[in-house]
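Taking it in order: structure first as structure tokens, then the write-up.
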Amino acid sequence: MPELPEVETVVNHLSSKLRGKIISSSDSPNGYIRVFHKFSLKECDTFLYNQAIEKVWRRGKYIILSLTKGFLCIHLRMTGKFLTTLENPKDLKYISAEFTFADQSKLYFKDVRKFGRIYCCQTLNWLEEKLGLEPLSPSFTLSWLKANLKTKQRKMKPLLLDQSFIAGLGNIYTDEALWRTGIHPEKISSTLTQSMVKTLHFSIIDILNKAIEAKGTTFLSFSYGENGKGEFKDNLQVFGKQGLPCPKCNTVIVKEFIAQRGTHFCPSCQQSTHKLQENSHANITR
DNA sequence: TGAATTGTTCTACC
DNA sequence: TGGTAGAACAATTC
């Protein structure tokens, strides 16, 4: 389940391999042409023919290849990954796209679930229109976060997952950041205290940086290159830890469905305002 | 066999 | 009308 750190890992891995290559043809070995968003295979092949890859980078969870003219963007969704060699012939049925370069080397887009998409485009305007701030860019400041949480009346979990708000956070890192900050996933954004916002701001940046350092999280299926595994799984505190004790307070971590997503949190550290008030009242009267 | 999985997009609601 | 919530959707695995 690639989120920002996993996509960054893939980009870092691919960049040196792809930069300077010239695309000579595109194909779809398994015939799943829906992978080319709004393009037929022929249109994609024509668009990419003879184009050089000038730069490989990332915006949110999108991988972007800057070409001589235009861009090739890829969203991995759940199970998308890139391979430069095809070791197992059985994998062919999962290869939605195959690119051949002028030097005869190859790039395969393997996607078991087939949710991944490839976009051929002249500009990136469409992407900029739908994506919010980059959490690791200088523009993601504490004051920006404070102001933008204040003006919204949304539950924290779905808000952090909203790519038009902050681009790149997914289910794993959202749960981790909220746990670290002690914020209940259903807490309304405008009700966060100043210190909560400050901790949240720091946590998001810190978790993402540490996860990038660890080359992402391999939870179910993520890998980069042929078989690279992300090591951040060992640093997860709540995601996938339902039934286990909270590292902070030993209360059992629960998993509930919030905003149609499996959400892991500690019912003691991450209480809703209501419950916190009840408890503080109990403490006063005690 | 159908429940579970994800990010995005569409629709409905206030 | 704009902001928000929730359903739908893609396809596969176990």
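Quick caveat, the model's predicted, so the values are computed rather than measured. In what follows, every chain begins at residue 1, and chains take the letters A, B, ... in the order their sequences are listed.
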Requested in this report: Would you indicate what Lys110(A) reaches in the nucleic acid, counting non-hydrogen atoms under 4.0 angstrom: base, sugar-phosphate, or nothing?
Outcome: nothing
Query raised in the report: Going by an N to O cut-off under 4.0 Å, is there a salt bridge joining Glu231(A) and Lys215(A)?
Result: no
Query raised in the report: So does Arg34(A) get a side-chain nitrogen or oxygen closer than 4.0 Å to the phosphate oxygens (OP1/OP2) of dA11(C)?
Result: yes
Requested in this report: Please state how far atom CG in Leu161(A) lies from atom P in dA5(C), giving the value in whole angstrom units.
Outcome: 12 Å
Query raised in the report: Hey, is Lys38(A) close enough to Glu43(A) for a salt bridge, meaning N to O under 4.0 Å?
Result: no
Requested in this report: Indicate whether OP1 or OP2 belonging to dT13(C) is found under 4.0 Å from a side-chain N or O atom of Tyr94(A).
Outcome: yes
Report task. Would you please confirm or rule out a distance under 4.0 Å between OP1 or OP2 of dT9(B) and any side-chain N or O of Lys130(A)? Result -> yes
Report task. From the options dT4(C), dT13(C), dT8(B), select the nucleotide whose nearest atom is closest to the side chain of Lys61(A). Result -> dT8(B)
Report summary line: Comparing Thr151(A) with Val112(A), nearest DNA chain C nucleotide closer to 5' gives the residue Thr151(A)
Query raised in the report: Counting only distance, no hydrogens or angles, is the base of dA7(C) paired donor-acceptor with the side chain of Gln260(A) under 3.5 Å?
Result: yes
Query raised in the report: Can you check the Arg117(A) CZ to dC9(C) P distance for me, whole Å?
Result: 15 Å
Requested in this report: Nearest whole angstrom, please: distance from the C1' of dA5(C) to the CZ of Arg154(A).
Outcome: 8 Å
Query raised in the report: Donor-acceptor pair, Glu98(A) side chain versus Phe109(A) backbone, under 3.5 Å?
Result: no
Query raised in the report: Base, sugar-phosphate, or nothing: which does Asn171(A) touch, judged by heavy atoms less than 4.0 Å apart?
Result: sugar-phosphate
Query - From dT8(B), dG6(C), dT13(C), nucleotide with atom closest to Lys155(A) side chain - result: dG6(C)
Query raised in the report: Separation of Phe239(A) atom CZ from dT5(B) atom P, in whole Å?
Result: 9 Å
Query raised in the report: What is the distance from CG of Leu159(A) to P of dT4(C), rounded to the nearest Å?
Result: 8 Å
Requested in this report: Report the residues that fulfil side chain to side chain donor-acceptor pair (under 3.5 Å) with Gln270(A), sequence neighbours left out, ordered by chain and then residue number.
Outcome: none
Report summary line: 5'-most contact on DNA chain C (nearest-nucleotide basis), Arg77(A) vs Lys93(A), goes to Arg77(A)
Report task. Check whether the ring centres of His201(A) and Phe140(A) lie less than 6.0 Å apart, and answer yes or no. Result -> yes
Query raised in the report: Just how far, in rounded Å, is C1' of dT8(B) from CG of Leu160(A)?
Result: 17 Å
Query - d(CZ, Phe165(A); P, dG3(C)) in whole Å - result: 13 Å
Report task. Kindly point out which of dT4(C), dT5(B), dA11(C) is positioned nearest to the side chain of Lys152(A)? Result -> dT4(C)
Query - Distance below 4.0 Å between Lys157(A) side-chain N/O and dG6(C) OP1 or OP2 - result: no
**Report entry** Residue whose nearest DNA chain B nucleotide is more 5′ - His37(A) or Phe257(A)
**Finding:** Phe257(A)
Query raised in the report: Any sub-3.5 Å donor-acceptor pair from Lys255(A)'s side-chain atoms to Phe265(A)'s backbone N or O?
Result: no
Query raised in the report: To the nearest angstrom, how far is Met78(A) atom CE from dT6(B) atom P?
Result: 6 Å
